[in-house]
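From a predicted model like this one, the values you see are computed outputs, not experimental measurements. Chain letters run A, B, ... following the sequence lines, proteins first and then strands; every chain starts at 1.
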Amino acid sequence: MPMEKTFNAAEAEPRIYAAWERAGAFAAGANASRDETFCIMIPPPNVTGSLHMGHAFNNTLQDILVRWHRMRGFDTLWQPGQDHAGIATQMVVERELARSQQPGRRELGREAFLGKVWEWKAQSGGRIVEQLKRLGASCDWSRNAFTMSGAPGAPEGEDGNFHDAVIKVFVDLHAKGLIYRGKRLVNWDPHFETAISDLEVENLEVAGHMWHFKYPLAGGETYLYREKDADGNVTFEERRDYISIATTRPETMLGDGAVAVHPSDERYAPIVGKLCEIPVGPKEHRRLIPIITDDYPDPAFGSGAVKITGAHDFNDYQVARRAGIPMYRLMDTKAQMRDDGLPYAEAAARAQEIATGSAFTEAEVDTLNLVPDELRGLDRMEARKRVVAQITGEGLAVTHQVVRTDKETGETTAETLPLVEAKPIMQPFGDRSKVVIEPMLTDQWFVDTAKIVQPAIDAVRDGRTTILPERDAKVYFHWLENIEPWCISRQLWWGHQIPVWYGLDLGAEGFRDDEGDGDLDEVELGRLLNEGGMLHRGDVHHCAAEFAAVVAAFRDSLADLPVPLSGARIVEVADKQAAIETLAASLAQYNISQDPTGLVYPVWRDPDVLDTWFSSGLWPIGTLGWPEPTPELARYFPTDVLVTGFDIIFFWVARMMMMQLAVTGEVPFHTVYVHALVRDEKGKKMSKSLGNVLDPLDLIDQYGADAVRFTLTAMAAMGRDLKLSEQRIAGYRNFGTKLWNATRFAEMNGVFDGGRAVTRPAPAHTVNRWIIGETARTRVAVDEALAQYRFNDAANALYAFVWGKVCDWYVEFAKPLFDGPEAEETRATMAWVLDQCLILCHPVMPFLTEELWAVTAPAAGRAKPLVHTDWPDYGPDLIDAAADREMTWVIGLIDEIRSARAQMGVPVGLKLPMVLVEADAAARDAWSANAPMIQRLARINSLTEAPAPKGSITIAAEGATYALPLEGVIDVAAEKTRLTKALEKLEKDMGGLRGRLNNPKFVDSAPDEVVEESREKLALGEEEAGRIRVALSRLADLG
RNA sequence: GGGCGCGUAGCUCAGCGGUAGAGCACUACGUUGACAUCGUAGUGGUCACAGGUUCGAUCCCUGUCGCGCCCA
């Protein structure tokens, strides 16, 4: 049965993929024939994710490397999996619950909600896996990993080691002092009410305002404010009783701890060290804050003076830390103005004491709510309006003159208005929640990255890990060398709960053992329950993989306490509130019964979970079974290549480097190939809001997975963004069809008949010898390209070979050969060449090639499916230089004749006789060996040796001149033009060559081979020019 | 403002010391033993600009001008 005219991708792809899976073709170690391993860890897509172009690109490249190595016999593992995507998943499930009118997260409670998440995961979490299969990804799906596997509450089928790995690393790093808890400024998402990472923050330019306010100097003081130009001449001078501050966030003024100016700023030198007043809040409780110096303020920007609000701005935070300025938190977890704590008057009074030198602790400062009573509980935007109105009303806004012209009367009036500049400001938004992110001072867990970063830097510096392209290594270094502590806690439920338990701090300041007798009396008990340390969470905590393991640690920390508390039984309760109640009840009971055995010391677990990146940072070892010493871990770790997008070099790559080195002492992979972004055809980033997203699955439906893969591969120039257009994909779909039809031609001509085993033949005919050499060249080019991760070079080499050599020439040459004595060897050669095309193209176009592999199978069948077929290792030894030279000549001659015919307007179908005017021996041999092919392709019906007839056009080849008699047909003028043009081009080239060769400096200093090459080119050019001149003079006779 | 890139044929891009290539598009012709998702031939480039290094620069260096991305 003859083959179809085209490959039916939609029908064949699922069938072929299923066959691969059935055969276990992608299993770790499948087709291994040597000891070396090759392992790639998939960058785990979000479990909520669906395949987008970036995934398609990323996974195509991985699949090429994996298939290539597997065919070469490496013990290959492509490890797939998904990460649990804390926020995204929680968001998706909450949305689902809302849509199906089920109780929400808080109503369900933690455990029940997590049950829902697992349910969702079971139903929808496999989507991206199915999509990757459509792309043809040859992952070992039997090993599919998940960063939440093995977590408490995970249903059957979700068992695994990942939870243990994550917890173990946390516990170990904590024990080494590399993880700590602290109050730091973090990105806070007020919608999800959790800390988020920088990666989850998008900075967008939005329309904003810059207000200018006057902070009056304390006690009515004044100073001479003076501006100077570059030469030191005074350009402006006035006596001021205030310092001018610009801000885009007036509501945060309530939490100001200082005003800072640059130490070099002479304008404010007179008032540095003095106090100024925050011009907002009840008049009688206005706070005074110091004017300090710091390098952060830019004297050229605004007034040069900056308000310092350490709890609400990252820059201010650094300044406040340097200067020991208190950081007053103004907002709650929903980013509304705080509504807790002491009344404003009391809080402000205490803050004032601090500003004037009273000692303070971080914890105390955090309890002080400096939001005026009437602003408490307001949305921050509403608070902003009121603050601005208040300051303006009081005349403390900086003003400027605005002149208005009445349109009707033409009268002008000058008005003094507050100075509010409308200007674009960069504002952070949560990439999931889309709400404005608030820098927030909260208690969080941090990895002390500064202590584990060095090995990660060293490993790339000394080449144990290579980052490609090279410039991305710079990004890596830059980020690691300026690394910030890594906030790893998230106020979410979906994730690995932090393995830390807290106890009430019974030894905290505020508790006194009055008698010093080590025994508790009632008064002391009472104090414990009130203002004492119990209200300070976090001072006592212990970390271990499970509750049982922290009990001993708590027992030790209770040992110092008075009897009988020191012997209290340690029990786990839900949270701090429960702990306080439990302890109180226990103490009250003790008070009555005096039975110390009933005393309990309640502890509760940290409710927070770990950042998803903390888990995915352990991806390389976690997926291989660590901390268990599995055979896979021993075999495949360290892994080989990580293929990933440039946007997560530091977030993920750097963290994997740091964590794997910290845990195992080894780099996780020896090469990181960083690819660029897939954009739309206009170069715009694909985004849902722009509507320019190309869905890879749509494209696969339309053009087939192979076309999509080939396109992405051909465009994968290292470090350069891809501008993807559908037209391009269609073009590569056509390429697949071309290969398909070349095979179809072969099939129709009996190439695959007769149960011929496909081995490399040793043909006699030049054409067959030549194409074998071309095949070898291509194999070398493809291997070299892939070894250097030059995917586009590999794709282009394949394209040029299959289309440009095999289809354009070899198949055409074969047609006449099938009628001659070389028919059999030509069939054998073509069978082999097409086989090689399939093998070499398979990593890029797996489906179509596998299909053709089956279609062309000899009667005895194939030894293995293409996916497991051995990759060839032949090389330049197969290149027959003589055949090469001869075929170059033949192709050149055919080109010449066709070109001349076309330009002379000779009808395509018309066969012409040709005259051999002169030829050397090589040219004669080349002709006679290939005459039927030349005649066929150039539409020549005979060759006779004779002087060039009148009215003929001249064909100049290397070593020979031919003529096509076209008397009556030929347009003398056109032929003259054609030849003159050719001659001019030649002359131009030769002019350059002569100029060079006549320059003694060139001959002296250029490499010998370059000089030699120039001479040869010149000689050849002169020969050809000679022939053309002869032809031209003949034409002149005629004309 | 800092960093990293990029300006090569109409478009998308390779090349990166020896006088420019591909694919697509375009034009003309064309159903020749597979392929119209095709074939044949062709048009099209002071390699952004200005200096410098060199026997020689699209390629290396410096500067200018445009554009993009990342970080502030």
Residue-phosphate contact under 4.0 Å: [X] side-chain N/O, [N] OP1/OP2:
X         : N     : result
A:Lys738  : B:C35 : no
A:Ser1005 : B:U54 : no
A:Lys911  : B:U32 : no
A:Asn734  : B:C38 : yes
A:Arg790  : B:G15 : yes
A:Lys1017 : B:U19 : yes
A:Arg996  : B:G56 : no
A:Lys474  : B:C70 : no

Whichever of A:Ala900 and A:Ala746 has its nearest RNA chain B nucleotide further upstream toward 5': A:Ala746
Residue closer to the 5' end of RNA chain B, A:Met748 versus A:Thr737 (nearest nucleotide): A:Met748
Give the rounded distance in Å between these two atoms: [atom1] of [X] and [atom2] of [N].
X        : N     : atom1 : atom2 : answer
A:Leu993 : B:U19 : CG    : C1'   : 9 Å
A:Asn187 : B:C71 : CG    : P     : 12 Å
A:Ile894 : B:G39 : CD1   : C1'   : 14 Å
A:Trp479 : B:C69 : CH2   : C1'   : 19 Å

Lys NZ or Arg CZ of A:Arg777 over A:Phe801 ring: under 6.0 Å, within 45°: no
A:Lys815 to A:Phe745, cation-pi by 6.0 Å centre distance and 45° axis angle: yes
Under-3.5 Å donor-acceptor pair between [X] side chain and [N] base:
X        : N     : answer
A:Asn999 : B:G56 : no
A:Lys815 : B:A34 : yes
A:Arg898 : B:U40 : no

What's the gap between [N] and [M] when it is taken at their [atom1] atoms, as a whole Å value?
N     : M     : atom1 : result
B:C29 : B:G33 : P     : 22 Å
B:A34 : B:A25 : P     : 24 Å
B:A9  : B:G45 : P     : 10 Å
B:C59 : B:C6  : C1'   : 15 Å
B:C67 : B:U53 : P     : 32 Å
B:C35 : B:G17 : P     : 45 Å
B:G10 : B:G18 : P     : 24 Å
B:A48 : B:C13 : P     : 15 Å

Donor on one side chain, acceptor on other, A:Glu726 and A:Tyr703, under 3.5 Å: yes
Stems involving RNA chain B, each a run of at least 3 consecutive Watson-Crick or G-U pairs under 3.5 Å: B:1-7 with B:65-71, B:10-13 with B:21-24, B:26-30 with B:38-42, B:48-52 with B:60-64
Member of A:Leu480, A:Val672, A:Ile467 meeting the side chain to side chain contact (heavy atoms under 4.5 Å, CB included) criterion with A:Val460: A:Ile467
Between [X] and [Y], does at least one N-O distance fall below 4.0 Å, as a salt bridge requires?
X         : Y         : result
A:Glu747  : A:Arg744  : no
A:Glu1022 : A:Lys1017 : no
A:Glu896  : A:Arg901  : no

Proximity to the side chain of A:Asn792 - top-ranked nucleotide from B:U32, B:A14, B:C55: B:A14
For A:Tyr962, ring pair (Phe, Tyr, Trp, His ring centres under 6.0 Å) partners two or more places apart: A:Trp927
Letter per nucleotide, 5' to 3', of nucleotides 20-30 of chain B [B base touched, S only sugar-phosphate touched, - untouched; heavy atoms, 4.0 Å]: ---SSS---S-
Touch class at under 4.0 angstrom, heavy-atom based, for A:Asp895 against every strand present: sugar-phosphate
